[in-house]
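See below for the structure under consideration.
Every chain is numbered from 1, with letters handed out A, B, ... down the list of sequences.
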Amino acid sequence: MTEIADASLQYQVEDLVKQTQQAITNARDLSNLEQIRTQVLGKKGQLTELLKMLGTLPAEQRSAAGQWVNIAKQQIQNAIQARTTELNEAQLQEKLATETIDISLPGRRSETGNLHPITRMMQRIEQLFRSAGFTIEEGPEIEDDFHNFEALNFPQNHPARAMHDTFYFPNGLLLRTHTSPVQIRAMHKNKPPLRVITPGRVYRCDSDQTHTPMFHQLEGLVIDEHCTFADLKGLLQDFLNQLFERELSFRFRPSFFPFTEPSGEVDMSCVLCNGQGCRVCKHTGWLEILGCGMVHPNVLKMGGIDPEIYTGFAFGAGIDRLAMLRYGIDDLRKIFENDIRFLEQF
Amino acid sequence: MKFSEKWLRQWVNPPVDSKALAEKLTMAGLEIESLTAIGLGESNIRVGLVINAEKHPDADRLRVCTVSVNPNEPNLTIVCGGANVRTGLKVPVALVGAKLPGLEIKKAKIRGVESFGMICSTTELQLTETSEGIMELPEDAPIGMEIAEYLQLPDTIFDVNLTTNRSDCLSIQGMARETSALFNLNYSALQIQNIAATINDVIPVQVTAAIACPRYLGRIIKGISTTAKTPLWMQEKLQRSGIRSIHPVVDINNYVMLELGQPLHAFDLNSIKGGIQVRMSTPDEKIILLDDQELSLDSSLVISDSEKLLALAGIMGGKSSSVTEATTDIFIESAFFHPDALSPTLRKSPIPSDSAHRFERGVDPELCMQAMARVTELLQAIVGGEIGPIIECVDRNELPKPITIALRRERIARILGITLPDTTVEQILTGLGMQLTPQENGWQVAIPSYRFDLQIEVDLIEELARVYGFNQIPSQLPVKKLHMLPISETLKTANELRNFWMNQGFHEAINYSFVDPKIENLFNPDAKALRLANPISEELSVMRTSLWPGLIQAALFNLNRQQNLVRLFEIGVCFNSVNDQLEQKNRIAGIVFGPVAAEQWSMQSRNYDFYDLKGVIENLFSTLSKTEFSYNQTAHPALHPGRSAAILRKQQLIGFCGELHPKLQQEFGIQSRVYLFELQLDGLTEAELPVYKAPSKFPSIRRDLAFTVAEAISFQQLHDCIQTSGGDTLQSVQLFDVYRGTGIKPGEKSMALSLTFQSSSRTLIDSEIDGAMNNIVGLLKQQYSAALRT
């Protein structure tokens with residue numbers, strides 16, 4: 001009887017395991033699976049009931065039978081675990097599938113604006129000169145004759161003055177025609193050695209295709225005990241090479257400015273055609289880009305600096321023109337129209 | 001100045017081509033702006049004589065000409081369309097086989113008449129861009145001569161753009177001096193034949209303005225030919241310099257001016273009453289100039305006789321004393337007028353004249369006599385006449401003094417950064433006409449009278465650099481002591497502000513600093529905008545007192561180009577009068593209107609309003625200070641009185657923000673409401689340096705509060721009331737709802753706030769917070785009759 005009973009118990013357990021495994025495999029979802037678990041492994045579950053029957057077995061058979069039942073329990077638990085993982089995974093896959101969105105739809109942006117190309121160019125110039133230890137000075141835009149002309153060695157009534165097409169006010173003040181007056185102010189404010197740039201707005205009474213009555217100028221000034229024309233050449237070449245991020249060719253031509261002596265103009269190889277000749281460089285391959293020179297001793301004196309001890313050089317360039325060349329702007333008049341379709345490109 | 005290359009090469013002939021010559025001059029500071037080739041080389045075009053010209057039998061506009069180009073050969077038959085072709089005329093004839101640009105001359109039948117060549121116009125000879133009829137050659141043109149040889153062709157016209165300091169080069173002589181120095185060649189100076197006076201006629205010359213005119217030379221020439229013509233060679237040279245042939249005497253004066261640089265003037269002697277006076281004009285004296293314009297003078301240097309003004313000295317002659325075709329007796333003037341003497345007149349009335357151009361920049365004070373000799377020689381040769389003695393008035397005290405400059409060897413290296421050998425220095429300066437006397441540390445340099453631009457040592461150093469070649473001077477990077485530049489962490493730069501506004505979606509605008517007074521007045525009716533004396537136009541005639549006029553115009557510009565969303569900002573100087581003192585201060589301003597965001601598939605579209613703009617401004621302020629900024633309801637002439645705020649920092653007014661006044665909105669024709677702000681830049685430069693405070697370790701507690709109050713009570717008032725009554729554990733007050741409508745009495749609004757309490761030293765208990773809330777509710781009720789909603 002006991003052997004039969006024993007064999008029958010083993011048979012029943014194995015049968016239950018088989019049936020349960022099948023049911024687990026068929027379980028459609030987690031609640032279904034939980035139902036199966038309760039039916040088999042719950043307090044009143046089928047396996048639990050079988051386990052209760054162990055007490056009826058003879059003592060010598062109990063331990064072996066206990067092992068079968070525990071193995072069976074383990075097998076069923078494993079099957080549930082495996083099926084749970086499967087169902088979880090399937091559920092996740094389904095969730096992922098239903099939640100898929102069109103990632104090509106445009107995002108919710110807070111739009112950004114743009115800096116004016118002149119500002120952009122000005123900031124770049126400032127960064128370059130700052131990196132070389134220059135400070136930035138500013139001065140008033142309504143100036144007096146002394147700072148704009150007299151202190152810069154412009155003789156009274158000289159044609160060089162007339163060429164500046166100055167805007168005047170009835171009281172004799174004027175709109176600065178160049179940023180050079182800031183040189184004088186910088187010399188009065190600081191003791192040499194000096195390394196400053198003075199970018200800013202300047203005005204000339206001139207308006208046509210190639211002139212706007214207001215434009216932007218960069219002025220630079222270096223004063224030191226040993227400051228030569230060779231230094232001037234080196235610095236300006238370095239500046240333009242860095243500004244345009246390429247190795248340019250240069251030529252220096254003598255010129256005339258009342259406030260520098262010697263005075264020169266700098267031509268660089270055309271950045272649009274690489275010196276091959278194009279409309280912008282008037283087919284010469286060269287662009288006139290900077291005016292420069294050694295600070296005139298009279299100007300140093302006006303700035304309270306002894307020209308026997310110190311020498312200096314100064315240079316000036318049109319920022320609007322640099323920006324036009326750098327960004328390919330072909331019409332000067334666009335610069336001050338503030339057309340958003342223009343501005344948003346920078 | 002334009003000049004013929006051939007002419008220059010008659011003085012000095014460097015062994016280089018036109019292009020290289022131009023390059024050399026340009027690189028020495030005499031910028032050759034353009035080279036224009038004219039004329040053809042040897043091309044079988046010859047001087048011919050029209051022996052007979054008669055109408056073509058089958059064409060009204062054509063003539064059949066018999067032309068001789070060689071007396072020893074048969075005459076040629078040439079059909080010509082030039083209206084001016086006539087018997088006896090000398091003309092350029094392109095023979096069969098001659099090659100003109102794009103045209104080879106062949107034997108041809110023209111309307112049935114065989115033609116053996118072409119009579120040429122100046123255009124066909126590549127001399128001018130346009131022409132009328134065929135070119136007429138002088139009677140003495142030698143028959144058969146190659147036109148290229150006869151007209152000194154081909155030639156190149158150099159257009160030199162001289163800097164204002166180099167007026168010494170405003171002549172062939174000057175260009176020759178410079179060219180010879182650059183190529184280290186000698187130039188052939190002009191050999192002038194001094195012609196002795198043949199008559200004793202003089203007129204009195206009185207110079208009362210000796211400072212303005214330290215030297216005045218005059219001479220009478222009587223009985224000149226009224227039929228003489230300007231020789232072709234002279235006409236050609238004038239033409240190549242852009243000067244029209246007018247009258248032989250005038251042409252000769254112009255020629256000598258071009259040749260030597262001395263402007264000259266000829267008066268009709270018979271129009272001069274009494275004698276010549278060189279003086280300053282008296283107020284309201286009038287003169288009609290050669291170009292027919294009448295000038296009313298105040299204090300100008302003039303030439304007059306005892307009755308009337310004869311000329312505006314050095315600028316232009318008067319009409320009444322000018323030389324005409326009937327003139328037989330002339331008075332020639334060769335004078336030195338000081339540059340400063342002419343400029344006041346020229347500033348007042350700019351008169352373009354070759355003479356003024358030269359005198360204003362400076363003419364060699366020692367040139368008058370040479371020029372007088374040269375003009376006499378040419379007049380004698382071309383128009384003849386009896387020559388009177390030279391009348392000279394000179395005040396040597398007022399003439400520029402000869403200049404000697406000390407040049408130190410060490411200083412050359414100090415300025416240029418290179419050491420030039422003594423021989424180079426001496427060669428360059430000597431080549432430029434200077435005389436050098438060696439000294440221990442350099443040289444004493446005597447400057448020729450025509451180089452009055454050279455005044456000090458560094459001027460000579462420039463000459464050395466210029467002739468040595470700027471491009472021969474090496475480049476080197478300046479050396480400097482290494483040290484940090486001060487960078488403030490709490491001072492905000494304009495660029496940081498720009499970046500802020502850019503990141504908020506604003507485009508940066510740059511407007512002119514001068515604006516339309518009408519628009520300026522709409523924005524700032526009380527400000528007295530500074531007016532330019534010489535504006536470009538009325539629309540750009542006053543200095544802006546605010547950035548708004550420029551921004552509104554930029555906004556309109558965009559609106560007219562289908563941009564319905566406009567967000568612009570600008571940083572720039574505004575010009576205001578503060579206590580009668582001009583104040584030039586940078587401001588930052590912006591304009592915005594249209595949809596808050598571009599139309600988007602997942603968001604509701606709405607237009608900008610006051611709080612959108614205020615939010616951005618608050619963002620900006622939060623980067624500067626947590627406590628210093630405040631807003632006051634305010635009235636501004638350009639803003640909606642109920643929707644505008646004055647902005648204060650530490651109780652100081654720094655700007656405004658708000659909605660454009662509906663009146664102005666209508667005036668500008670803008671559909672949507674427009675929002676503006678403007679702030680003083682110096683109110684935004686200082687930021688606070690962060691000071692760390694540890695966050696509380698204890699939990700915070702939130703309580704919400706909703707109450708109704710009268711519409712007129714501002715949030716700020718309620719906020720302040722809550723802050724003062726909430727005790728020191730009240731950390732923040734957030735407004736999360738404002739409601740009007742059902743359940744709320746008209747004229748009232750409901751406000752819901754969340755209050756956060758927290759202590760840094762302990763966990764707060766409910767009873768403490770209940771106490772604080774009671775205080776708050778009590779004070780709100782007491783001060784603003786706020787009724788708690790439950």
Quiz item: Of the backbone (N, CA, C, O) and the side chain (C-beta and beyond), which part of A:Glu308 lies under 4.5 Å from a heavy atom of chain B, both, or neither?
Solution: both
Quiz item: Is it the side chain or the backbone of A:Glu141 that comes within 4.5 Å of chain B heavy atoms, both, or neither?
Solution: both
Practice problem: Kindly say whether A:Leu105 contributes a backbone atom to a donor-acceptor pair with the side chain of B:Trp601 at under 3.5 angstrom? | Solution: no
Quiz item: How about A:Tyr203 and B:Tyr512: are their ring centres within less than 6.0 Å of each other?
Solution: no
Quiz item: Of the backbone (N, CA, C, O) and the side chain (C-beta and beyond), which part of B:Arg411 lies under 4.5 Å from a heavy atom of chain A, both, or neither?
Solution: side chain
Quiz item: Non-hydrogen atoms of chain A under 4.5 Å away: do they reach the side chain of B:Val596, the backbone, both or neither?
Solution: neither
Self-check item: Region of A:Thr284 that comes under 4.5 Å of a non-hydrogen atom in chain B
Solution: neither
Exercise. For the pair B:Glu508 and A:Arg120, find out whether any cationic side-chain nitrogen is under 4.0 Å from an anionic carboxylate oxygen.
Key: no
Self-check item: Proximal component of B:Ser537, with respect to chain A [non-hydrogen, under 4.5 Å]
Solution: neither
Quiz item: Less than 4.0 Å between a side-chain N and a carboxylate O, is that true for B:Glu23 and A:Arg251?
Solution: yes
Quiz item: Of all heavy-atom pairs between A:Ala230 and B:Pro474, which one has the smallest distance, and what is that distance?
Solution: CB-O, 3.2 Å
Practice problem: Would you tell me whether B:Ser602 and A:Arg108 have side-chain atoms, one donor and one acceptor, within less than 3.5 Å of each other? | Solution: yes
Quiz item: If you tally heavy-atom pairs under 4.5 Å against chain B, which of A:His296, A:Gln156, A:Arg201, A:Arg109 wins?
Solution: A:Arg201
